[in-house]
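These notes are about the structure you will find just below.
Here the structure is a predicted model, which means the values were calculated and not measured. Throughout, residue positions are numbered sequentially from 1 according to the sequence presented.
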Amino acid sequence: MLLAYDSLTGNVRRLARELAGHLGAEAVDVRSHSPSREYLLLTYTFGTGQVPDSTRHFLDQHGHLLRGVVSSGSYHWGQNFARAADVIAARYAVPIVAKINKGGTAADRVRVLAWLEERSV
Ligand SMILES: Cc1cc2nc3c(=O)[nH]c(=O)nc-3n(C[C@H](O)[C@H](O)[C@H](O)COP(=O)(O)O)c2cc1C
């Protein structure tokens, strides 16, 4: 499965590239790539619990190939923590694979890798 990421300050980009490296999979930037196969979306939360415009624009065009979502956020945002994942999962009826603080922990990586491996990347 393809990893499609959106990232403003680099947390999600680093995570996506690291996961892709582990799996021998491809990680692509949603702002410059049109996927032709199923993907896991990794994005972040912006505004007040919102989906970034760049992610929304990508999903408007390629939402039919979305299979799961990971959102980064910051615990600092309380009930809006990583809420982009909730919004996207509800809208596209896909599972939330993980909600992570900033760049995520080793446990977050294990969780996302397990999900991807189950789907035989
Ligand atoms: C203006 C702004 C608004 C943010 N709003 C939220 C928010 O509502 N909820 C949340 O969990 N994180 C929020 N964040 C934190 C980011 O989602 C978090 O730092 C994330 O790791 C950024 O990913 P990136 O480094 O890949 O861009 C916000 C960050 C900024 C700069």
Side-chain angles (χ1 to χ4, degrees):
M1 190 178 297
L2 188 67
L3 305 184
Y5 66 85
D6 195 359
S7 183
L8 189 65
T9 62
N11 291 332
V12 177
R13 180 173 52 248
R14 282 190 291 277
L15 174 65
R17 288 182 176 169
E18 189 185 323
L19 293 170
H22 269 285
L23 295 160
E26 197 184 354
V28 298
D29 191 330
V30 302
R31 290 168 297 182
S32 59
H33 192 89
S34 292
S36 53
R37 56 196 166 95
E38 298 179 345
Y39 61 87
L40 171 67
L41 175 69
L42 301 98
T43 188
Y44 61 98
T45 305
F46 203 57
T48 307
Q50 288 160 6
V51 178
D53 285 346
S54 42
T55 295
R56 192 142 26 89
H57 181 68
F58 178 81
L59 287 171
D60 283 347
Q61 297 179 41
H62 307 295
H64 61 291
L65 292 170
L66 176 67
R67 292 296 174 267
V69 60
V70 172
S71 175
S72 172
S74 168
Y75 288 150
H76 164 79
W77 290 85
Q79 65 182 18
N80 285 317
F81 168 65
R83 187 170 165 271
D86 301 290
V87 175
I88 293 167
R91 166 97 199 265
Y92 292 92
V94 296
I96 297 173
V97 178
K99 293 165 87 169
I100 66 172
N101 186 48
K102 301 287 183 181
T105 62
D108 293 325
R109 286 164 172 66
V110 167
R111 181 189 174 102
V112 179
L113 282 170
W115 188 88
L116 286 163
E117 278 164 355
E118 260 177 42
R119 278 146 195 85
S120 60
V121 177

>> Set out, in order, the CA-CA distance, both residues' side-chain angles and the distance that settles side-chain contact (heavy atoms from CB on, under 4.5 Å) for V70 and L40, then state yes or no.
In response: CA-CA 8 Å; V70 172; L40 171 67; 4.2 Å; yes

>> For Y44 and N11: C-alpha separation, side-chain torsions, deciding distance, then whether side-chain contact (heavy atoms from CB on, under 4.5 Å) applies.
In response: CA-CA 9 Å; Y44 61 98; N11 291 332; over 6 Å; no

>> What verdict does the side-chain contact (heavy atoms from CB on, under 4.5 Å) test give for L41 and L59, after you've listed the backbone C-alpha separation in whole Å, the side-chain angles of each residue and the deciding distance to 0.1 Å?
In response: CA-CA 9 Å; L41 175 69; L59 287 171; 4.1 Å; yes

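With K99 as the fixed residue, the side chain to side chain contact (heavy atoms under 4.5 Å, CB included) test singles out one of T45, V69, D86: D86.
Residues A98 and V112 share a closest heavy-atom pair of CB-CG2, 3.9 Å. In this structure, G68 and L66 approach most closely via the heavy-atom pair O-CD1, 3.3 Å. Heavy atoms only, all atoms of each residue included: T105 and D108 are closest at N-OD2, 2.8 Å. Smallest separation of non-hydrogen atoms from L19 and R109: CD2-O, 4.0 Å. The two residues G10 and S7 make their nearest non-hydrogen contact at N-OG, 3.1 Å.
The shortest distance between side-chain heavy atoms of V28 and P35 does not fall below 4.5 Å. Contact of the L3 side chain with the L116 side chain is registered, since non-hydrogen atoms from C-beta on lie closer than 4.5 Å. Proximity of I88 to T55: side-chain heavy atoms (C-beta onward) are separated by under 4.5 Å at one or more points.
Listed by first then second residue, pairs satisfying salt bridge (charged side-chain N to carboxylate O under 4.0 Å, His left out) with a partner in residues 30-43 read D6-R31, E26-R37, D29-R31, E38-R67, not counting sequence neighbours.
Summarising the geometry, atom NE2 belonging to H33 is positioned 10.5 Å from atom OH belonging to Y5; distances are rounded to the nearest 0.5 Å. One finds the CZ atom of R13 at 12.0 Å from the CG atom of L15 (value rounded to the nearest 0.5 Å). Taken from CG in L42 to CD1 in I100, the straight-line distance is 7.5 Å, to the nearest 0.5 Å.
With hydrogens and angles disregarded, a donor-acceptor distance shorter than 3.5 Å links the side chain of Y39 to the backbone of H62. Between the S72 side chain and the N101 main chain, no donor and acceptor come within less than 3.5 Å of each other.
Considering only residues two or more places apart in sequence or on other chains, H22 meets the side chain to side chain contact (heavy atoms under 4.5 Å, CB included) condition with E18, L113.
V12 and V110 fall into different hydrophobic clusters, where Ile, Leu, Val, Met, Phe, Trp and Tyr residues are linked whenever their side-chain heavy atoms come under 4.5 Å apart, directly or through other members.
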Can you list, pair by pair, the side-chain donor-acceptor contacts under 3.5 Å of residues 74-85, counting residues two or more places apart and other chains?
| from | atom 1 | to | atom 2 | distance (Å) |
| --- | --- | --- | --- | --- |
| S74 | OG | H76 | N | 3.3 |
| R83 | NH1 | G49 | O | 2.8 |

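Relative to the six-membered ring of W115, R111 misses at least one condition, a distance below 6.0 Å or an angle of at most 45° to the axis.
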